[in-house]
Structure formats: structure tokens, C-alpha cells
Amino acid sequence: MIATIFDIDGTLVESSHFDGACYISAVREVLGEVCIHDDWSKYKNVTDTGMLREIMEENKMREEGQIEEIRKTFGKLIGQYLENGGECRPIKGAVCLIDKLLSDQHHKIGIATGGWKHTAKMKLRHAGFDLKNMVLFSSDDSDERVEIMKKCLSALGDGFHRIVYVGDAVWDIQATKKLGWHFIGVGPRLKGKCEFWVEDFSNYDTFMRMLHA
């Protein structure tokens with residue numbers, strides 16, 4: 001039995017062109033013109049809640065309910081973007097891959113994202129994913145990506161002979177290494193930076209070979 005856990009943004013859904021901008025807009029709408037790093041890898045915890053705590057700490061602000069306010073504002077902005085016809089496409093082949101893995105008795109799959117759950121579900125639904133049987137853990141469950149991933153695996157069960165995380169960023173590789181799991185990189189940001197890599201999921205057989213490698 002193989003457990004395969006996926007990131008969302010840049011991994012299952014093409015969302016980088018709007019998600020980050022909506023996040024920054026939500027932060028500044030609530031906190032004002034605070035300093036935010038352009039390179040998110042400078043943050044210890046690259047999750048929606050984790051980065052927000054660090055942004056507030058670096059800008060010498062106390063948490064007094066602003067995180068929940070920003071979470072709601074971010075959800076409003078993502079919802080408006082999608083309702084107004086904004087593009088939020090699945091990565092090529094991703095919907096078909098998830099459907100096949102969900103129906104395969106030798107595989108269990110889950111989603112562990114650094115984003116918040118409400119916006120994660122919005123993006124997945126808009127991109128055409130069926131969330132009915134989906135195990136999904138998010139930044140609502142922990143500030144730390146490693147903990148989100150661990151909680152997702154725990155919900156899938158135990159007895160796996162192989163655990164694989166699929167992501168698109170350097171912080172995904174780092175978290176996977178800490179856990180001692182296998183990793184498959186997706187998309188342009190990780191090309192040449194990991195042993196197993198795919199541009200997208202259009203070649204099902206290639207991905208499955210990597211999953212079992």
C-alpha cells in the first residue's frame with residue numbers, strides 16, 4: 001500500500017498568478033503597509049498562518065484577532081476572483097490522476113497544503129476536483145508544513161510500505177526530507193532540483209513509475 005500526499009498550489013492547481021497577490025492584499029487590508037518578503041522561502045513556516053505570524057512578529061505587531069480577520073478577507077478575495085471568471089485551472093492531467101488513485105485499492109491519497117482549508121476547497125472545486133472522498137489538511141491544522149503532512153498521513157491510516165509527497169516548491173522538498181518520505185517534484189520551479197520530477201501529470205504511466213520507484 002502506497003500513501004501519496006499532494007500539495008495544492010502549483011501542484012494540482014495553477015493558482016500562483018492570483019493566490020499570492022490575494023494573500024498580500026488581505027494582509028495589507030487588515031494590517032496596513034507592513035513589510036512582506038518577496039521571497040517566501042525566507043519564512044520559517046511557508047504556510048498561510050505560519051507566514052502571517054512571522055510577518056506580524058517582524059513588524060512588531062501583537063496577535064489580537066487579526067489572523068482570523070485576514071483569513072476571512074483572503075477567502076472573500078479568492079471567492080470574488082473565482083466568481084468573476086478568474087482562471088484557476090488544474091495542472092494538466094491532475095484531475096484524472098487523482099480520480100484513478102482514489103479508485104485504486106493499492107493507493108491512499110491525501111492533500112496537505114500550506115494554505116487555509118476554505119480557500120483550498122474553493123480552488124480545487126473550481127478546477128474540477130471531486131472533494132467527496134478527499135482527506136485534506138491545511139494551515140488551519142498547524143502553522144508547520146511538516147505537522148500538516150504528518151496529520152494527513154495519520155488520517156490515511158498506517159501500514160504503508162511507501163509514503164510519497166508531491167509538491168512544487170523548495171519548502172516541499174525540505175519538509176519531505178525531515179519526514180524521511182519520498183518526493184516527486186512538479187513544475188518549473190523544481191526542474192533539476194530533485195531526483196524525481198514531472199512537468200505535469202499528462203503522462204500517467206511515467207508518474208506511476210516514479211511513485212513505485
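What you see below is based on every heavy atom in this structure, not just the backbone, and it leaves out hydrogens, waters and symmetry mates.
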Of the non-hydrogen atoms in [X] and [Y], which two are nearest, and what is the gap between them?
| X | Y | value |
| --- | --- | --- |
| V46 | S41 | CG2-CA, 4.4 Å |
| F6 | L12 | CD2-CD2, 3.7 Å |
| V186 | F201 | CG2-CZ, 3.6 Å |

Donor-acceptor pair between T49 and S139 side chains, under 3.5 angstrom: yes

N/O donor to acceptor pairs below 3.5 angstrom from side-chain atoms of residues 146-158, sequence neighbours left out:
from	atom 1	to	atom 2	distance (Å)
E147	OE2	K150	NZ	3.3
K151	NZ	D141	O	2.7

If Ile, Leu, Val, Met, Phe, Trp and Tyr residues are connected whenever their side-chain heavy atoms lie under 4.5 Å apart, and connections chain through other members, are [X] and [Y] in the same group?
| X | Y | value |
| --- | --- | --- |
| L97 | M1 | no |
| I163 | I184 | no |
| V135 | I111 | no |
| M134 | M122 | no |
| W197 | V170 | yes |

Side chain to side chain donor-acceptor pair (under 3.5 Å) contacts touching residues 96-105 (sequence neighbours left out): none

Listed partners of I24 passing side-chain contact (heavy atoms from CB on, under 4.5 Å), at least two apart: R28, I36, W40

side-chain contact (heavy atoms from CB on, under 4.5 Å) partners for N203, two or more places apart: D205, T206

Atom CD of E68 with >12 non-hydrogen neighbours under 6.0 angstrom: yes

Worked verdict on M61 versus I55 for side-chain contact (heavy atoms from CB on, under 4.5 Å): CA-CA 8 Å; M61 305 176 91; I55 288 166; over 6 Å; no

Determine which pairs satisfy ring-ring contact (aromatic ring centres under 6.0 Å, His included) with at least one residue from [range], sequence neighbours left out, and list them in order.
| range | value |
| --- | --- |
| residues 167-196 | none |
| residues 49-104 | F18-Y81, Y23-F74, F74-W116 |
| residues 48-70 | none |

For residues [X] and [Y], determine if any side-chain heavy atom of one lies less than 4.5 Å from a side-chain heavy atom of the other.
| X | Y | result |
| --- | --- | --- |
| E14 | E87 | no |
| T113 | F137 | no |
| C88 | V13 | yes |
| T4 | V166 | yes |
| M210 | M208 | no |

[X] side-chain N/O to [Y] backbone N/O, donor-acceptor pair under 3.5 Å:
| X | Y | answer |
| --- | --- | --- |
| E29 | V27 | no |
| D140 | K117 | yes |
| D19 | S15 | no |
| R145 | T176 | no |
| E63 | G65 | yes |
| R125 | D130 | no |
| Y165 | A112 | yes |

Worked verdict on I98 versus I109 for side-chain contact (heavy atoms from CB on, under 4.5 Å): CA-CA 8 Å; I98 294 295; I109 72 162; 3.6 Å; yes

Ring centers of H161, H212 separated by less than 6.0 Å: no

Nearest 0.5 Å please: distance from the [atom1] atom of [X] over to the [atom2] atom of [Y].
| X | Y | atom1 | atom2 | value |
| --- | --- | --- | --- | --- |
| I78 | C22 | CD1 | SG | 4.0 Å |
| R71 | I67 | CZ | CD1 | 11.5 Å |
| N45 | E144 | CG | CD | 5.0 Å |
| D9 | H17 | CG | NE2 | 10.5 Å |
| I173 | L190 | CD1 | CG | 4.5 Å |
| R162 | H106 | CZ | NE2 | 16.0 Å |

Contact list for residues 179-202, test salt bridge (charged side-chain N to carboxylate O under 4.0 Å, His left out), sequence neighbours left out: D168-R189

Residue pairs fulfilling salt bridge (charged side-chain N to carboxylate O under 4.0 Å, His left out) with at least one residue in residues 39-54, sequence neighbours excluded: R53-D143

Residue pair K121, L124: steps toward the side-chain contact (heavy atoms from CB on, under 4.5 Å) verdict: CA-CA 5 Å; K121 287 183 173 180; L124 287 169; 5.6 Å; no

Side-chain cluster (under 4.5 Å, hydrophobic types only) that L77 belongs to, other residues: none

Residues forming a side chain to side chain donor-acceptor pair (under 3.5 Å) with E58, sequence neighbours excluded: H37

Partners meeting ring pair (Phe, Tyr, Trp, His ring centres under 6.0 Å) with H118 (sequence neighbours left out): none

Evaluation steps, side-chain contact (heavy atoms from CB on, under 4.5 Å), between L52 and L31: CA-CA 10 Å; L52 193 44; L31 299 182; 4.2 Å; yes

